[in-house]
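Worksheet for the structure shown next.
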Amino acid sequence: MALDKKDWKILATLSKDCRISLTQIAKAVGVSREVADYRIKKLVKTGIIKSFCAEISLQVLGYTKHVVYLELKNVDKEKEEDIFKFLKSHKFISWIVTSTGKWSIIFDIHSKNTQHLSQLIKELKKELSNNFGEYEIVTLENYQYFHSKLFGEKDTIQKKKTKEASLDETDLSLLKILRNNARIDYVTLSTEIKLTPEAISRRIKRLKENAIINQFYIFPNLTILGFEHYNVQINLENIEDEKEKKITNYLQNHKSVSFIYKPISHWDIEFGVFVKNPGELRDFMLQLRTLHPENIRIKDVALFYEELSPNFLPEGVF
């Protein structure tokens, strides 16, 4: 599907807030509500928009995010598909991607504590059996996603801290629905949650004000849009906090950086880069090295070959 400027404008608008009304989208793009609705549905049907998501604070739910890098052994195409199907249905796993590097597959796993994480890994080893090869688990101290850069929009760096807020069962049910169906209308939500649309609107507003919901965004298919997505891991040497902050700020504001992870161990910073081709990646890496050549050491660069599961929280954390 060839995209015109109006399609890109719709994608850009939805990337900043996918719950925005059709009337607002139509006004921003310069089309009628009917045309805006038709175009959005076409973007979904063609797979360009894979999901409408809510970025929800994991902290308030009492969970920690870890990244698992896994080598699959002794697998053919059929067995690999079975493994992917199992991982996609797992209640504590999200954002599953295949890789062309050392690791066959990379995914996020969410745990309440170290004991819970240990149990989840034991279960994975048992389920995958002799297909479970070498692996690494990296616990994240913090992380940031930039959902709008892909469409030429500047992402606002979230500075708000999650406020102490008690979540009742209705809040959890609401978050569970919005996590991967964020564009659902208030009338349908009202039927599922058993509250009036006005009451649901107030709850969503409160969840946003308390930074429990950070953003409503779209999860696009980068391949269809003509992008390659790379994962970069770097170590920082002989560096003070102020210089590390400058490097982080550089990545935050770079037009091609899609996310930043701050691991507790293994390497110092991990981030995603979307580019049109390997030449653009090389230019990015040269620019990064030139920025602080005495401090930045590239540990690994790998292509995210296929994103099998969108980046929203899995069912188990609710």
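- Partners of H116 under the side chain to side chain contact (heavy atoms under 4.5 Å, CB included) rule, at least two apart in sequence or in another chain, are Y63, F92, S111, K112, N113, L120.
- In summary, of the residues considered (E55, E153, K16), a side chain to side chain donor-acceptor pair (under 3.5 Å) with H147 occurs for E55 alone.
- Remark: the backbone N or O of A12 is paired with a side-chain donor or acceptor of S15 at under 3.5 angstrom.
- Side chains of Q115 and Q119: no donor on one and acceptor on the other come within 3.5 Å.
- Under the side chain to side chain contact (heavy atoms under 4.5 Å, CB included) criterion, N142 pairs with K262, sequence neighbours left out.
- No donor-acceptor distance shorter than 3.5 angstrom exists from the side chain of R297 to the backbone of N235, with no hydrogens or angles considered.
- The side chain to side chain contact (heavy atoms under 4.5 Å, CB included) test applied to E240 returns no partner, not counting sequence neighbours.
- Note on ring orientation: taking the six-membered ring where Trp is involved, the planes of F132 and Y135 are perpendicular (angle over 60°, cut-offs 30° and 60°).
- Evaluation of the side chain to side chain donor-acceptor pair (under 3.5 Å) test over residues 79-98, restricted to residues two or more places apart or in two chains, returns W95-E307.
- Between R33 and D37 no salt bridge is recorded (no basic side-chain N to carboxylate O distance below 4.0 Å).
- Counted within 6.0 Å of OH on Y305, heavy atoms from surrounding residues, nucleotides or ligands total 12 or fewer; the atom is thus considered open.
- For K205, the side chain to side chain contact (heavy atoms under 4.5 Å, CB included) partners two or more places apart in sequence, or in a different chain, are E209.
- In this structure, V29 and K9 approach most closely via the heavy-atom pair CG2-CG, 3.7 Å.
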Acceptor/donor pairs from residues 267-284 side chains to any protein atom, 3.5 angstrom cut, sequence neighbours excluded:
| from | atom 1 | to | atom 2 | distance (Å) |
| --- | --- | --- | --- | --- |
| W267 | NE1 | E270 | OE1 | 3.0 |
| D268 | OD2 | L236 | N | 2.6 |
| E270 | OE1 | Y69 | OH | 2.5 |
| E270 | OE2 | Y69 | OH | 2.8 |
| E270 | OE2 | N231 | ND2 | 2.8 |
| N277 | OD1 | G279 | N | 3.0 |
| N277 | OD1 | E280 | N | 2.9 |
| E280 | OE1 | K276 | N | 2.9 |

